[in-house]
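Read the structure below first, then the notes.
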Number of protein chains: 2
Amino acid sequence: MRSVANENVTIKDVAKRAGVSPSTVSRVIADHPRISPDTKEKVRSIMAELGYYPNAIARSLVNQTSNSIGLIRSRLTEENFANPFFPAVIQGISSVAHKHRLSLVLSTSKTFEQEDEECLTLLRQRRVDGVILLASHRDDQLIPRLSQDGFPFVLIGRYEGSEEINWVNNDNIADAKQAVAYLLEKGHRQVACLDGDPRYVVSSDRLLGYREAFLARGLQVPEGLVENSEFSVQGGYGATQRLLDRRASFSAIFAVDDLVAIGAMRALQERGVKVGRDVAVVGFNDTILGSCVQPALTSVNVPIYELGQIAVQILTSQIYGSGVYPQHEMLPASLVIRDSA
Amino acid sequence: MRSVANENVTIKDVAKRAGVSPSTVSRVIADHPRISPDTKEKVRSIMAELGYYPNAIARSLVNQTSNSIGLIRSRLTEENFANPFFPAVIQGISSVAHKHRLSLVLSTSKTFEQEDEECLTLLRQRRVDGVILLASHRDDQLIPRLSQDGFPFVLIGRYEGSEEINWVNNDNIADAKQAVAYLLEKGHRQVACLDGDPRYVVSSDRLLGYREAFLARGLQVPEGLVENSEFSVQGGYGATQRLLDRRASFSAIFAVDDLVAIGAMRALQERGVKVGRDVAVVGFNDTILGSCVQPALTSVNVPIYELGQIAVQILTSQIYGSGVYPQHEMLPASLVIRDSA
DNA sequence: TGTTCTTCTGGCAAGGCTTTCATCTAAATT
DNA sequence: AATTTAGATGAAAGCCTTGCCAGAAGAACA
């Protein structure tokens with residue numbers, strides 16, 4: 001093991017060298033008005049000379065704040081990580097966190113239970129001042145516990161039956177409805193729906209929107225055209241194969257995620273079905289993947305970056321500011337029409 | 001602002017309630033052998049009853065370790081973030097960090113300079129015990145400073161002219177060489193190279209490998225077939241357009257990244273060139289994108305997940321263990337042949 | 001039986017670094 | 001001479017860990 005070039009310069013060292021007390025140095029750092037310009041300058045030059053940097057840990061201890069926020073990914077790391085949604089939302093989060101000089105702590109768990117535990121531990125041990133939940137799922141255990149314990153958090157997503165928490169989201173029901181309505185308008189009636197993991201609220205919301213699109217037009221929701229899958233290419237591929245295998249009749253597919261839609265396209269193409277001509281496909285999230293495939297994927301563009309940004313804004317206003325509680329924000333999404341539908 | 005349900009239970013509270021001293025409680029937490037089983041049990045039940053969780057900050061202060069490591073992304077956040085490389089490497093990092101109970105702190109900067117500063121600050125302020133650098137670039141300012149100051153770090157990548165630091169990497173030169181050799185073997189001679197941002201060492205390494213493949217066969221490196229671009233679809237698209245516009249003659253393209261390769265494919269297809277038949281395309285990194293495009297992309301599979309895992313192993317052995325210094329590891333990559341070449 | 005030595009348990013207090021309230025001194029003002 | 005003020009200080013607080021010490025009980029010994 002190597003030795004750290006001991007930069008263990010403390011406030012005391014600076015104080016001693018400058019011939020003042022530690023409290024004076026502290027006030028110089030804070031640019032306190034009661035310190036004379038002379039002293040300030042002197043102390044600052046000593047700080048520079050000695051290479052002094054205030055110890056964030058000690059600071060946190062006395063200030064009772066860690067100046068960091070946790071990112072609780074989504075309880076199915078492996079899966080969601082492959083999704084370009086994740087990098088995009090982190091970018092948004094980063095940008096605002098940086099402005100507030102907040103550190104970002106990532107959760108590292110792989111299962112729902114582990115992640116719930118990790119999140120609570122992060123908060124209880126005061127490692128983070130609050131957390132951003134990147135998704136909610138059915139029978140979410142974590143959200144009520146966070147609420148009960150009064151830990152600051154904000155959800156990117158929707159939580160069944162509670163307006164009592166901070167959240168930012170797009171209106172998945174309405175957005176899905178809009179996408180399906182577009183297909184109906186184009187004359188499609190047998191629209192299949194490739195649903196995501198039903199444990200996620202986002203999946204069921206989009207499925208709901210799919211249904212509502214039919215009902216709003218006075219149409220019946222077609223039978224047997226919903227297939228569950230995971231949020232992955234494999235998932236969409238398998239689900240579409242199942243549809244095809246049981247000779248379901250459909251002229252369009254609405255997938256709750258781009259990855260799923262791409263899997264569907266692959267399955268279709270393998271069976272010689274022309275996507276866009278024989279069968280229309282619509283995805284969700286409008287990730288970079290959609291523009292990579294042939295034909296380019298029609299998809300619902302969700303302002304992912306902004307979701308991340310606003311999540312941090314809400315969270316910081318709760319933790320450090322005096323924002324009202326709770327705060328909600330619903331961001332608009334829009335259908336991006338390309339060649340697949 | 002909401003009030004945190006004050007779980008401000010400290011070690012003192014537990015001690016008082018249990019009728020012992022704080023030191024005893026501390027030793028119970030550490031499962032110190034000097035504490036009798038009876039006392040341990042009693043203290044533990046009180047801890048559970050009061051909902052006590054040790055304050056990580058205080059602990060860090062006394063232990064002089066933050067139990068967290070920083071992830072310095074790569075100095076061009078925006079760009080690299082879009083790349084599926086990033087989620088994959090984070091997953092690998094997470095998995096090992098979790099085992100060691102380390103927190104992961106993400107850098108949030110957007111420029112090289114900002115990121116260098118942020119990284120140093122993270123370390124100097126003792127927020128993290130060490131850092132993982134996700135890429136190196138030419139004239140890297142950060143690496144020598146980290147070395148000088150003796151801060152523990154590990155580089156995922158290569159740093160020009162220094163075996164003095166910890167790193168884990170794939171052999172980009174050899175791997176690129178192998179990929180291009182495959183094209184040469186197939187009879188291609190006019191192989192174009194779409195290089196990435198030349199500021200990254202990884203780009204120039206792969207370009208080097210491209211050259212070496214020719215030389216190893218006693219062939220001349222073709223003139224005027226190298227185009228610089230960014231690590232993005234747009235970059236590859238533009239670079240290929242430039243090649244086409246100046247009527248460069250080539251029968252194959254070697255791209256230093258899948259994103260770039262996909263951009264190339266798009267440009268080719270738009271001009272009616274059949275990828276895989278008229279022009280072969282080979283990518284790098286074998287990300288999920290490669291299997292999404294038509295035709296499926298032949299690409300160099302880099303063990304990204306493992307790179308992340310090993311990076312953490314090396315780093316922790318440096319920080320907390322007594323590993324030798326420095327440590328290197330070169331991981332093997334392999335060409336995955338699909339339909340584009 | 002009385003004395004000394006061990007062995008167990010657990011307490012005391014210092015240390016880690018910064019911030020801030022209450023003070024204090026010396027100079028300035030009234 | 002009395003009061004205010006600028007400038008700086010001391011000490012406590014924030015929470016936990018750990019080296020060292022002490023008391024008690026049991027063991028060994030004379």
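Keep in mind that this is a model prediction, so the values were computed, not measured. The sequence lines fix the lettering, A, B, ..., with proteins before strands; numbering per chain opens at 1.
Side-chain nitrogen and oxygen atoms of A/Q64 include none within less than 4.0 Å of the OP1 or OP2 phosphate oxygen of D/dA13. Contact annotation: B/T24 side-chain N/O to C/dG10 OP1/OP2 distance is not under 4.0 Å. Not one side-chain nitrogen or oxygen of B/S60 sits closer than 4.0 Å to the OP1 or OP2 atom of C/dG16. The side chain of A/S36 places no N or O atom within less than 4.0 Å of a non-bridging phosphate oxygen (OP1 or OP2) of D/dA6.
B/D139 and B/R199 are not joined by a salt bridge, as no carboxylate oxygen comes within less than 4.0 angstrom of a charged side-chain nitrogen.
Using a 3.5 Å distance cut-off with no hydrogens or angles, the side chains of B/E164 and B/S147 do not pair a donor with an acceptor.
Nearest-nucleotide assignment on DNA chain C puts the 5′-proximal partner with B/V20, out of B/V20 and A/N63. For the pair A/P22 and B/R27, nearest-nucleotide mapping onto DNA chain C gives the more 5' position to B/R27. Closest-nucleotide positions on DNA chain D for A/T39 and A/R59 were compared, and the one nearer the 5' end corresponds to A/T39.
Counting non-hydrogen atoms under 4.0 angstrom, B/I57 reaches nothing in the nucleic acid.
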Working note: A/E118 + A/K110, criterion salt bridge (charged side-chain N to carboxylate O under 4.0 Å, His left out); need CA distance, chi angles, decisive distance, verdict.
CA-CA 10 Å; A/E118 186 181 358; A/K110 287 188 180 170; over 6 Å; no
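With hydrogens and angles ignored, a donor-acceptor pair closer than 3.5 Å exists between the side chain of B/S23 and the base of C/dC12.
The aromatic rings of B/F112 and B/H137 lie parallel to each other, their planes meeting at an angle below 30°, with 60° marking the opposite boundary.
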